[in-house]
2 protein chains.
Amino acid sequence: MFGLAAGEAILRGMERKTRQRDAVCGVFERESRPLSPLEVLQEAQRELPTLGIATVYRHLRSLVEEEWLQLVELPGVPPRYERAGKHHHHHFHCHGCGKVYELEGCTGGFASLVPDGFELESHTMVLHGRCAGCTHAA
Amino acid sequence: MFGLAAGEAILRGMERKTRQRDAVCGVFERESRPLSPLEVLQEAQRELPTLGIATVYRHLRSLVEEEWLQLVELPGVPPRYERAGKHHHHHFHCHGCGKVYELEGCTGGFASLVPDGFELESHTMVLHGRCAGCTHAA
DNA sequence: ATCTCTGCAAATGTTTTGCATCAGC
DNA sequence: GCTGATGCAAAACATTTGCAGAGAT
């Protein structure tokens, strides 16, 4: 058994410090909201206009592997990414502007909904509506 | 203003009774679980092997417009479809077999998580884990 | 006979990958 | 200078659409 332990990353990669990597990380350091790959590209291109979308995807994947970012999957929209290491929380998806916001807290009590024989491991909760900006604009 | 009222479908279509439409509807009448387009195709092809995926997509969309089906969007996986007209409920996603199950009931109490100025319109809740079949198999 | 529906293939949108070149170390 | 990272373009994957022909009414 010469292989890697279970869960150990095969492809680590992207460990070199480059302007592209700095640009991607910088976006997340300036913005607390979970961001889509396109949002990251557009924001990072303000600093580095030649940045390509493939590089953004590669860094997002790599930063998730390094546990510097966390993948945020939401129903029916492209995935978002946020800084890892936050407390348990959920998200609000505004269908006016499409932005996703972090919410604090959790109502809990989900175990009672699970049928016999099913094993509950985690849960996802997304609140949908209009954010403050879009409520006022409408 | 000769147009259609808000919400009225522009493209109704698919109102003709065909073997393809019967095959798609039949799958949902036999299966209570929310199904992905591919699950619908594979099940319907047992009855009608020449059925194409494009036709499945067209009927799924049309049946949602007719409010015979309801779209079920889940984080990070292709959308599912279930019979419309059910009571408010949520879903369980098994990461063993990938199947989605309907859950009864709702814990409620989400409004307290929403920041000031945000307008809450709906919520999505998905429980993740292993279904009875996958728990026993593992 | 008409007009819609179907299946195929091509188009679309998103994400991934191959590869020659560029740049960090 | 070596090796990994980048940008482009092509590939992959899921979904939608154009179109000619089949089928429902």
Side-chain angles (χ1 to χ4, degrees), chain A residues 9-27 34-66 68-82 93 98 100, chain B residues 9-27 34-66 68-81 93 98-100:
Chain A
I10 316 290
L11 300 163
R12 173 75 359 96
M14 319 299 277
E15 62 264 0
R16 202 171 268 184
K17 176 174 162 58
T18 64
R19 280 176 302 155
Q20 287 82 352
R21 183 187 168 99
D22 284 352
V24 168
C25 291
V27 170
L35 301 170
S36 69
L38 206 56
E39 285 175 325
V40 174
L41 176 71
Q42 288 166 349
E43 188 57 33
Q45 279 185 335
R46 295 170 38 140
E47 178 183 335
L48 193 66
T50 59
L51 179 64
I53 186 71
T55 299
V56 170
Y57 277 109
R58 281 188 277 236
H59 279 294
L60 291 175
R61 184 138 60 106
S62 162
L63 290 166
V64 168
E65 270 178 28
E66 296 168 31
W68 193 85
L69 284 182
Q70 174 143 9
L71 177 63
V72 178
E73 295 187 310
L74 301 165
V77 293
R80 316 291 160 130
Y81 295 82
E82 66 183 8
H93 182 214
V100 175
Chain B
I10 315 292
L11 300 162
R12 174 64 14 85
M14 318 301 277
E15 62 263 1
R16 203 171 267 183
K17 177 174 162 57
T18 64
R19 278 176 304 155
Q20 287 83 351
R21 183 188 167 98
D22 283 351
V24 169
C25 292
V27 171
L35 301 170
S36 69
L38 206 57
E39 285 175 325
V40 173
L41 176 71
Q42 287 165 349
E43 188 57 32
Q45 279 184 336
R46 294 170 40 144
E47 178 184 333
L48 192 65
T50 59
L51 179 64
I53 185 71
T55 299
V56 170
Y57 277 110
R58 279 189 278 236
H59 278 294
L60 291 176
R61 184 138 60 106
S62 162
L63 289 165
V64 168
E65 270 178 28
E66 295 168 31
W68 193 84
L69 285 181
Q70 175 142 10
L71 176 63
V72 178
E73 294 188 311
L74 302 165
V77 293
R80 316 290 160 131
Y81 295 82
H93 183 214
K99 285 180 186 159
V100 174

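In what follows, every chain begins at residue 1, and chains take the letters A, B, ... in the order their sequences are listed. Note that the structure is a prediction, hence the values are computed from the model and not measured. Side chains are part of it too, since the values below use all heavy atoms of this structure and drop only hydrogens, waters and symmetry mates.
In this structure, CG of B/L41 is placed 12 Å from C1' of C/dG7, rounded to the nearest angstrom. Look at CZ on B/R61: it is 13 Å from P on C/dC5, rounded to the nearest Å. The nearest whole Å value for the distance from the CG atom in B/L51 to the P atom in D/dG23 is 14 Å. C/dT16 atom P lies 11 Å from atom CD of A/E65, rounded to whole Å. Rounded to an integer number of Å, the gap from B/E39 CD to D/dT15 C1' is 17 Å. The interatomic distance linking B/R21 (CZ) with C/dT6 (P) rounds to 9 Å, in whole Å. Between A/M14 atom CE and C/dG24 atom P the separation is 14 Å, expressed in whole Å. Per the geometry, CG belonging to A/L60 stands 12 Å off P belonging to D/dT6, to the nearest Å.
A/I53 comes within 4.0 angstrom of nothing in the nucleic acid, heavy atoms only. Among the heavy atoms of the strands, none lies under 4.0 Å from B/L38.
Residue A/K17 places its side chain closer to C/dC25 than to any other of C/dC25, C/dT6, C/dT17. Here the side chain of A/R19 is nearest to one of C/dT16, C/dG24, C/dT4, namely C/dG24.
The main-chain N or O of A/S36 is found under 3.5 Å from a side-chain atom of A/E39 such that the two form a donor-acceptor pair. Proximity of a side-chain donor or acceptor of A/E82 to a complementary backbone N or O of A/Q70 within less than 3.5 Å is not detected.
Using a 4.0 Å cut-off between charged side-chain N and carboxylate O, B/R21 and B/E47 make no salt bridge.
In this structure, A/H59 reaches the D/dT6 phosphate: one of its side-chain N or O atoms is under 4.0 Å from OP1 or OP2. For the OP1/OP2 pair of C/dA23 and a distance below 4.0 Å, the side-chain nitrogens and oxygens of A/Q20 include no atom meeting the criterion. Residue A/T50 places at least one side-chain N or O under 4.0 Å from the OP1 or OP2 atom of D/dG7.
Residue order along DNA chain D, read from the 5' end via each residue's closest nucleotide, puts B/A54 first among B/A54 and B/T18.
Put simply, the side chain of A/R58 and the base of D/dG7 share a donor and an acceptor less than 3.5 Å apart. With hydrogens and angles ignored, a donor-acceptor pair under 3.5 angstrom links the side chain of B/R16 to the base of C/dT4.
Contact check for A/S62 versus A/W68: no side-chain heavy atoms found under the 4.5 Å cut-off. With a 4.5 Å cut-off on side-chain heavy atoms, B/L48 and B/Q20 count as touching.
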